[in-house]
Student: 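Could you have a look at this structure, given as structure tokens, before my questions?
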Amino acid sequence: MAMMNEEELYPFLMSFVPDPFLRKCEIELNETPENKIKGLEELKKMLLTHKLTSKVAYNDDYLITYLRYSKYNVIRAFERLRTMSNFRKNYSNVLKSLPDVYFLSKPSSTQFMRVLPKKMSRWMYYSYI
């Protein structure tokens with residue numbers, strides 16, 4: 001097996017988004033620093049007006065995830081957040097029904113997706129059952 005160059009690997013823990021992914025966000029999602037700030041501000045204003053979301057302190061990174069998923073369409077991101085809030089309210093037992101012990105004692109049943117550490121030209125993932 002050939003040794004991989006350290007420059008081809010991403011670190012296991014990262015506190016930043018690598019440049020190739022930032023460029024991909026800019027091209028495919030129209031993500032710029034200005035759009036990011038504007039989208040966050042608009043989304044936060046919309047969340048404050050809804051009764052389910054007005055009392056929740058959302059993390060900016062969490063909101064950016066919804067904005068990216070919605071390609072910075074703030075209305076679509078708000079609808080998705082509202083749907084998630086409704087789900088959490090109506091089906092909170094689903095989120096609480098599995099004890100932590102289950103995840104600690106049966107790792108093979110919960111580990112089905114891994115991030116590949118090698119830099120690739122395209123976004124990739126693999127799964128196994």
Side-chain angles (χ1 to χ4, degrees):
M1 183 183 288
M3 292 287 291
M4 292 176 49
N5 184 349
E6 282 188 30
E7 293 178 6
E8 294 177 352
L9 296 175
Y10 288 120
F12 184 68
L13 296 174
M14 294 190 314
S15 60
F16 64 96
V17 178
D19 289 337
F21 299 114
L22 287 176
R23 283 192 296 280
K24 193 168 185 81
C25 285
E26 187 174 341
I27 293 167
E28 293 184 11
L29 308 177
N30 196 25
E31 180 177 302
T32 62
E34 297 82 21
N35 285 350
K36 195 182 230 182
I37 292 168
K38 182 182 174 193
L40 274 172
E41 288 174 357
E42 289 179 28
L43 186 55
K44 286 178 180 179
K45 285 179 187 174
M46 292 177 82
L47 291 169
L48 287 173
T49 64
H50 192 270
K51 70 179 184 174
L52 276 179
T53 60
S54 63
K55 296 179 182 171
V56 179
Y58 290 101
N59 183 310
D60 285 354
D61 291 337
Y62 184 73
L63 296 178
I64 288 171
T65 302
Y66 277 87
L67 286 169
R68 284 179 176 157
Y69 180 61
S70 303
K71 296 190 176 185
Y72 280 83
N73 180 325
V74 178
I75 294 170
R76 205 173 329 150
F78 172 72
E79 290 296 323
R80 289 176 171 154
L81 273 162
R82 194 177 69 178
T83 300
M84 177 55 81
S85 296
N86 282 330
F87 176 81
R88 290 184 69 142
K89 177 185 172 211
N90 296 331
Y91 301 101
S92 61
N93 60 331
V94 172
L95 301 173
K96 295 176 185 174
S97 64
L98 291 176
D100 291 339
V101 174
Y102 179 81
F103 295 101
L104 298 173
S105 63
K106 301 178 193 260
S108 61
S109 64
T110 59
Q111 297 176 356
F112 60 91
M113 190 167 130
R114 294 276 189 236
V115 176
L116 298 175
K118 185 176 178 187
K119 293 182 181 179
M120 306 294 247
S121 61
R122 301 201 172 254
W123 299 52
M124 295 188 69
Y125 71 92
Y126 70 94
S127 62
Y128 61 91
I129 299 176

Student: Looking at CG of Asn73 and CD of Glu79, how far apart are the two atoms once the value is rounded to the nearest 0.5 Å?
Tutor: 10.0 Å
Student: Can you list the residues that meet the side-chain contact (heavy atoms from CB on, under 4.5 Å) rule with Ile37, with sequence neighbours excluded?
Tutor: Glu41
Student: Under 4.5 Å between any side-chain heavy atoms of Arg23 and Asp19, yes or no?
Tutor: yes
Student: Please report the interatomic distance CZ(Phe78) to CG(Leu43), rounded to the nearest 0.5 Å.
Tutor: 8.0 Å
Student: Would you give the length of the straight line joining atom NE2 of His50 to atom CG of Asn86, rounded to the nearest 0.5 angstrom?
Tutor: 6.0 Å
Student: So which atom in Ser70 and which in Arg76 form the shortest heavy-atom distance, rounded to 0.1 Å?
Tutor: OG-C, 3.6 Å
Student: Is there a side-chain contact between Lys36 and Arg68, using heavy atoms and a 4.5 Å cut-off?
Tutor: yes
Student: In the single-linkage hydrophobic clustering (I, L, V, M, F, W, Y; side-chain heavy atoms under 4.5 Å), do Val74 and Met84 co-cluster?
Tutor: yes
Student: Atom CG of Asp60 and atom CG of Leu40: how far apart are they, to the nearest 0.5 Å?
Tutor: 5.0 Å
Student: Less than 4.5 Å apart, any side-chain heavy atom of Leu22 and any of Glu26?
Tutor: no
Student: So, using side-chain hydrogen bond (donor to acceptor under 3.5 Å, both in side chains) as the criterion, who are the partners of Thr53 when residues are at least two apart?
Tutor: none
Student: Do the rings of Tyr91 and Phe87 sit parallel, tilted or perpendicular, given the 30° and 60° boundaries?
Tutor: tilted
Student: Quick check on the hydrophobic clustering: are Val56 and Tyr62 connected, directly or via other members, by side-chain heavy-atom contacts under 4.5 Å?
Tutor: yes
Student: In the single-linkage hydrophobic clustering (I, L, V, M, F, W, Y; side-chain heavy atoms under 4.5 Å), do Ile75 and Leu47 co-cluster?
Tutor: yes
Student: Under a 4.5 Å cut-off applied to non-hydrogen side-chain atoms, are Asn35 and Leu29 in contact?
Tutor: no
Student: May I ask you to test the Asn30-Tyr72 pair for a side-chain heavy-atom distance under 4.5 Å?
Tutor: no
Student: Looking at every non-hydrogen atom in both residues, tell me the closest pair between Tyr58 and Ser85 and how far apart they are.
Tutor: OH-OG, 3.3 Å
Student: Measuring from atom CG of Leu67 to atom CD of Glu31, what distance do you get when rounded to the nearest 0.5 angstrom?
Tutor: 8.5 Å
Student: Do Leu52 and Met46 belong to the same hydrophobic cluster, where Ile, Leu, Val, Met, Phe, Trp and Tyr are linked whenever their side-chain heavy atoms lie under 4.5 Å apart, directly or via other members?
Tutor: no
